[in-house]
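Following: one structure in structure tokens, then a few remarks.
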Amino acid sequence: MEKRQVRQPHPGQARHRPRDAGCRPQPPLHRPPAPDDPRTVKSLADAARPEDLFHGQWQYNRTSTLDDYKPYLDERWNEGATNAWKLWEEIVPLGYKGSYGIVSAYIRKKRTSPRPVTAQPPAPRLVTRWILSRPESLTEIEQLRLKAVLVNCPELDALAGHVRSFAQMLTERQGERLPQWLDAVRRDDLPSLHTLAAGIDRDRDAVIAGLTLPWSSGVVEGHVNRIKMLKRQMFGRAGFALLWKRVLLAS
């Protein structure tokens, strides 16, 4: 008897299952929460504004290639420049790689929206990097965005000034300025810096020496880290005699 061959479907061909009369449609995998669901009630109660309820593809703060240049466009808009084509020509030399349509849509939104349309504030981690970086190492767009943040937050502006002043003392070995820096920090309402200032004040002489003299304890710290590494390599079984030999042989 000849064996009948069963034709296999093509990999790209959809497989159709016979519809059974008693087969019921399967429920969706992701069912949206009901209006009386506790999670929905909590999200509505925690939202400070309607935009906080938008998620996914409707989220208002989706990233765009224009985000880095919106503070510049906002500043030029406040100066009276409302021509989208001219503004697009101005930001292209600054590094903008997007299309004119994105700029035009943003300017049209600023022109037609009943509320002021401005750029979304940058992430805290990004602002921290800008403050801790050398001002000359920031691009023009980064400087504009940081300026916009500091103008709208006086506390952050004062913090940035203290951070850069301390960085100047550290890099230029101006330890004699430390007492004036501590006094300036205490005059501002910055509790986090007050804690740092109190810790520095307890070791003022040592900190001034570290900010002034060319010597450093980095070499000693390096040897300590090397000894700890050798000890960890033996998984806690390193006695003093064996550790002493390894340190001498390694050096």
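At a threshold of 4.0 Å, the pair R145-D74 does not count as salt-bridged, since none of the basic side-chain nitrogens sits closer than that to a carboxylate oxygen. Salt-bridge check for K70 with E75: failed, with every basic side-chain N at 4.0 Å or more from each acidic carboxylate O.
Q168 contributes no side-chain N or O that, together with a main-chain N or O of S165, makes up a donor-acceptor pair within less than 3.5 Å. The closest donor-acceptor contact from the side chain of Y69 to the backbone of G95 lies under 3.5 Å. When atom types are taken as modelled, the side chain of T212 and the backbone of I208 share a donor-acceptor pair closer than 3.5 angstrom. Using a distance-only test at 3.5 Å, with no hydrogens or angles considered, no donor-acceptor pair links the side chain of D203 to the main chain of A206. S217 places no side-chain N or O within donor-acceptor distance of the main-chain N or O of V220, the cut-off being under 3.5 Å. Using a distance-only test at 3.5 Å, with no hydrogens or angles considered, a donor-acceptor pair links the side chain of T171 to the main chain of A167. Not one N or O on the side chain of D201 forms a donor-acceptor pair closer than 3.5 Å with the backbone of A197. Under a 3.5 Å cut-off, the side chain of Q143 and the backbone N or O of P135 do form a donor-acceptor pair.
Heavy atoms only, all atoms of each residue included: R111 and T82 are closest at NH2-O, 2.8 Å. Residue V185 comes nearest to H194 through the heavy atom pair O-NE2, 3.1 Å, listed as atom of the first residue, atom of the second, then distance. Between D67 and P71, the closest heavy-atom pair is O-CD, 3.6 Å. Taking each heavy atom of V103 and A84 in turn, the nearest pair found is CG1-O, 3.9 Å. Closest of all the heavy-atom pairs between I131 and R164 is O-NE, 4.0 Å. Residues S133 and L138 come closest through the heavy atom pair CB-CD2, 3.9 Å.
A single hydrophobic cluster is not seen to contain both L144 and L156; linkage of ILVMFWY side chains at heavy-atom distances under 4.5 Å, directly or through other members, places them apart. Grouping the Ile, Leu, Val, Met, Phe, Trp and Tyr side chains by contacts below 4.5 angstrom, directly or via other members, places L243 apart from V224. Hydrophobic clustering (ILVMFWY, side-chain heavy atoms < 4.5 Å, transitive): W130 and L94 are in distinct clusters. Tracing side-chain contacts under 4.5 Å through hydrophobic residues (I, L, V, M, F, W, Y), one reaches M229 starting from V247; they form part of the same cluster. I141 and V149 fall into different hydrophobic clusters, where Ile, Leu, Val, Met, Phe, Trp and Tyr residues are linked whenever their side-chain heavy atoms come under 4.5 Å apart, directly or through other members.
Taking 4.5 Å as the limit, every side-chain heavy atom of V151 sits out of range of all side-chain heavy atoms of D157. No side-chain heavy atom of E221 sits under 4.5 Å from any side-chain heavy atom of S216. A heavy-atom distance below 4.5 Å is found between the side chains of I91 and L66. L193 is not listed as a side-chain neighbour of D188, based on a closest heavy-atom distance of 4.5 Å or more. Annotation: side chain of L182 is in contact with side chain of R204 (closest heavy-atom distance under 4.5 Å).
Between W181 and F166, the ring planes are tilted. Angles from 30° to 60° get that label.
How far CZ of R76 is from CD1 of I107: 10.5 Å, rounded to the nearest 0.5 Å. Atom CD of residue Q174 and atom CE of residue M169 lie 8.5 Å apart, to the nearest 0.5 angstrom. Between the OG1 atom in T65 and the OH atom in Y96 there is a gap of 4.0 Å [rounded to 0.5 Å]. W88 CH2 to S104 OG: the interatomic distance, rounded to the nearest 0.5 Å, is 11.5 Å. In this structure, CG on L73 lies 11.0 Å from CG on D68, to the nearest 0.5 angstrom. We find the CZ-CZ distance between R226 and R246 to be 10.5 Å, quoted to the nearest 0.5 Å.
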Verdict with supporting geometry, L190 and H162, side-chain contact (heavy atoms from CB on, under 4.5 Å): CA-CA 10 Å; L190 300 171; H162 294 313; 3.8 Å; yes

Test side-chain hydrogen bond (donor to acceptor under 3.5 Å, both in side chains) applied to E90 and Y72, step by step: CA-CA 10 Å; E90 291 180 10; Y72 177 83; 2.9 Å; yes

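More than 12 heavy-atom neighbours from other residues, nucleotides or ligands sit within 6.0 angstrom of CD on Q180.
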